[in-house]
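Numbers here simply count residues along the sequence, with the first being 1.
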Amino acid sequence: MRLLLIGDIVGKPGRQIVVRALAGLRQEHDLDLVVANAENAAGGSGITPAIYRELRAAGIDVVTLGDHVYRRREIFTVMEGDEPILRPANYPDESPGRRFVVAPARSGVPVAVFGLLGRVFMPPVDCPFHAADRVLRELPGNVRVVLVDFHAEATSDKQIMGRHLDGRVSAVLGTHTHVATADEEILPGGTAFQCDVGMTGPHESIIGRRIDRVLETTLTGRPTHFEVAARDVRLHGTIVDVDPASGRATAVRRLRVDQTEADRLAVLTGRQKAVAVSDATE
Ligand SMILES: [Fe+2]
Ligand SMILES: [Fe+2]
């Protein structure tokens with residue numbers, strides 16, 4: 001079976017490329033389950049109920065989040081229900097939202113998904129390594145396939161998580177830095193690993209925000225509005241092939257869809273006119 005994790009969806013440009021390209025990607029790559037980190041989907045920070053529904057309608061089966069999980073309070077009611085949207089599993093127990101989901105893949109195979117937050121340059125949270133152990137102990141006995149989104153800054157932390165969970169989950173894939181790393185591999189125990197799958201949003205930017213604004217603030221100290229950028233929109237993600245009987249990964253590869261490729265996929269599935277219609281403007 002084949003899983004895709006889409007990296008941090010940033011603002012309207014990021015949502016737009018998902019809405020246009022994902023149906024074609026599902027078809028051409030024969031995807032069984034699609035997970036996306038959408039912590040930056042609403043104007044660059046957080047997610048709203050309308051955006052959540054739009055991403056689900058576009059073909060995303062499970063939504064993970066990160067350090068911007070609670071930026072838009074209106075998502076709390078959705079997160080407190082049974083929807084496949086997750087807070088990082090190492091937030092306090094009292095935090096709104098679910099720590100893991102078990103979602104059926106296209107074939108019916110149950111797939112567990114959870115996210116964890118790193119602790120370098122991040123809000124203080126519980127130990128992600130022990131939190132991962134706790135989630136794994138709680139998973140139903142019939143679950144063999146497990147995808148972990150480790151939302152963290154430091155590549156060393158991500159490698160530690162890969163080794164900590166090697167042989168116990170199908171994939172440990174990173175998000176948060178918005179820059180894809182070229183280190184995808186299958187670890188000795190059969191876990192697919194990559195430090196960061198990259199960003200889904202405007203590449204002509206500083207990790208998704210307008211270059212001029214970020215430069216001005218950095219060089220002068222003057223606060224500016226870090227508006228979401230607009231040009232050279234790309235979708236980044238990583239595809240993992242998994243043996244459903246053992247849960248072990250058999251292949252891992254990076255995915256990059258630029259605007260030309262997104263246009264081709266939109267034509268393929270009749271989505272040329274599809275637009276991101278949800279409420280957040282940027
Ligand atoms: Fe992000
Ligand atoms: Fe983040």
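Between E282 and the options H225, R210, R209, K12, a side-chain hydrogen bond (donor to acceptor under 3.5 Å, both in side chains) holds for only H225.
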Checking F193 against R163 for the side chain to side chain contact (heavy atoms under 4.5 Å, CB included) test, could you report, in this order, the C-alpha distance in whole Å, the side-chain angles of both residues, the deciding distance, and whether it holds? CA-CA 9 Å; F193 174 78; R163 295 293 172 166; over 6 Å; no
Please test S246 against R144 for side chain to side chain contact (heavy atoms under 4.5 Å, CB included), starting from the C-alpha separation and ending with a verdict. CA-CA 6 Å; S246 66; R144 297 276 176 277; over 6 Å; no
One pair to check against side chain to side chain contact (heavy atoms under 4.5 Å, CB included): L4 and L22. What are the steps and the verdict? CA-CA 10 Å; L4 166 65; L22 186 52; 4.3 Å; yes
If you apply the rule salt bridge (charged side-chain N to carboxylate O under 4.0 Å, His left out), what do you find for R106 with D61, and how did you get there? CA-CA 10 Å; R106 191 181 45 174; D61 298 300; over 6 Å; no
Starting from the C-alpha separation in whole Å, work towards a yes-or-no answer on side chain to side chain contact (heavy atoms under 4.5 Å, CB included) for V125 and R119. CA-CA 7 Å; V125 285; R119 292 192 291 187; 3.9 Å; yes
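Between L117 and P123 the shortest heavy-atom distance is CD2-CG, 4.0 Å. Taking every heavy atom of both residues into account, G14 and I9 meet most closely at C-CG2, 3.6 Å. Between S107 and D32 the shortest heavy-atom distance is N-OD1, 4.4 Å. Summarising the geometry of A262 relative to V257, their closest heavy-atom pair is N-CG1, 3.6 Å, with the distance given to 0.1 Å. The heavy-atom pair separating L116 from A131 by the smallest distance is CD2-CB, 3.9 Å. Between G189 and D166, the shortest heavy-atom distance links the atoms N-OD2, 2.7 Å.
Residues satisfying the side-chain hydrogen bond (donor to acceptor under 3.5 Å, both in side chains) test with R248, not counting sequence neighbours, are none. For H236, there are no side-chain hydrogen bond (donor to acceptor under 3.5 Å, both in side chains) partners, not counting sequence neighbours. Applying the side-chain hydrogen bond (donor to acceptor under 3.5 Å, both in side chains) rule to R222 yields the partners E216; only residues at least two apart in sequence or on another chain are considered. For E74, the salt bridge (Lys or Arg N to Asp or Glu O under 4.0 Å) criterion is met by R72, not counting sequence neighbours. With sequence neighbours left out, the side-chain hydrogen bond (donor to acceptor under 3.5 Å, both in side chains) criterion links R15 to E54, S278.
Atoms CG and CD1, on L255 and I6 in that order, are 8.0 Å from each other to the nearest 0.5 Å. Residue D212 holds its CG atom at 10.5 Å from CZ of F226, rounded to the nearest 0.5 Å. Atom-to-atom distance recorded for L55:CG and I60:CD1 is 4.5 Å, nearest 0.5 angstrom. For the atom pair SG of C195 and CE of M161, the computed distance is 12.0 Å after rounding to the nearest 0.5 Å. Here the CG atom belonging to L136 is positioned 6.0 Å from the CG atom belonging to L165, to the nearest 0.5 angstrom. Expressed to the nearest 0.5 Å, how far CE of M199 lies from CD1 of I207 amounts to 8.0 Å.
For residues 12-69, no pair satisfies ring pair (Phe, Tyr, Trp, His ring centres under 6.0 Å), with sequence neighbours left out. Legend: ring pair (Phe, Tyr, Trp, His ring centres under 6.0 Å) pairs involving residues 135-159, not counting sequence neighbours, sorted by first then second residue: H151-H176. Within the structure, ring pair (Phe, Tyr, Trp, His ring centres under 6.0 Å) pairs that include any residue of residues 110-136 comprise F129-H164 (at least two apart or interchain). Residue pairs meeting the ring pair (Phe, Tyr, Trp, His ring centres under 6.0 Å) criterion with at least one partner in residues 90-109, sequence neighbours excluded, are Y70-Y91. Note on residues 254-265: pairs passing salt bridge (charged side-chain N to carboxylate O under 4.0 Å, His left out), not counting sequence neighbours, are R20-D263, E28-R264, E184-R254, E261-R264.
Membership of an apolar cluster is not assigned to V267, as no side-chain contact below 4.5 Å to another ILVMFWY residue is traced. When hydrophobic residues (I, L, V, M, F, W, Y) are linked wherever their side-chain heavy atoms come within less than 4.5 Å, the members clustered with V240 are M1, L3, L5, L33, V35, V62, L86, V101, V109, V111, V113, V145, L147, L173, I186, V197, V242, V252.
A donor-acceptor pair under 3.5 Å links the side-chain atoms of Q16 to the main chain of A274, judged by distance alone. Judged by distance alone, the side chain of T175 and the main-chain N or O of G7 form no donor-acceptor pair under 3.5 Å. The main-chain N or O of E153 is never found under 3.5 Å from a side-chain atom of T177 such that the two would form a donor-acceptor pair. A donor-acceptor distance shorter than 3.5 angstrom exists from the side chain of N90 to the backbone of D126, with no hydrogens or angles considered. When atom types are taken as modelled, the side chain of S170 and the backbone of A249 share no donor-acceptor pair closer than 3.5 angstrom. Side-chain N or O atoms of R87 include one that pairs as donor or acceptor with a backbone N or O of G97 at under 3.5 Å. A distance-only check finds no donor-acceptor pair linking the side chain of D8 to the backbone of V10 [under 3.5 Å]. Of the possible donor and acceptor atoms, none in the side chain of R271 sits under 3.5 Å from a partner among the backbone N and O of L265. Formation of a donor-acceptor pair under 3.5 Å by the S95 side chain with backbone atoms of P92 is found in this model.
Clustering ILVMFWY residues whenever any of their side-chain heavy atoms sit less than 4.5 angstrom apart, transitively, puts I17 in the very cluster that holds L268. F76 and V69 fall within a single hydrophobic cluster, where Ile, Leu, Val, Met, Phe, Trp and Tyr side chains are chained together by heavy-atom contacts under 4.5 Å. V19 and V275 fall into different hydrophobic clusters, where Ile, Leu, Val, Met, Phe, Trp and Tyr are joined by side-chain heavy atoms under 4.5 Å apart, directly or via other members.
Side chains of I75 and I85 form a contact here, defined as non-hydrogen atoms less than 4.5 Å apart. Counting heavy atoms from C-beta outward, R26 and T269 have side chains that stay 4.5 Å or more apart.
Atom CG of N142 has more than 12 heavy atoms from other residues, nucleotides or ligands within 6.0 Å.
Counted by atom type alone, T250 and D243 present zero donor-acceptor pairs between their side chains at under 3.5 Å.
The existence of a salt bridge linking K158 and D196 is confirmed by a sub-4.0 Å separation between a basic side-chain nitrogen and an acidic carboxylate oxygen.
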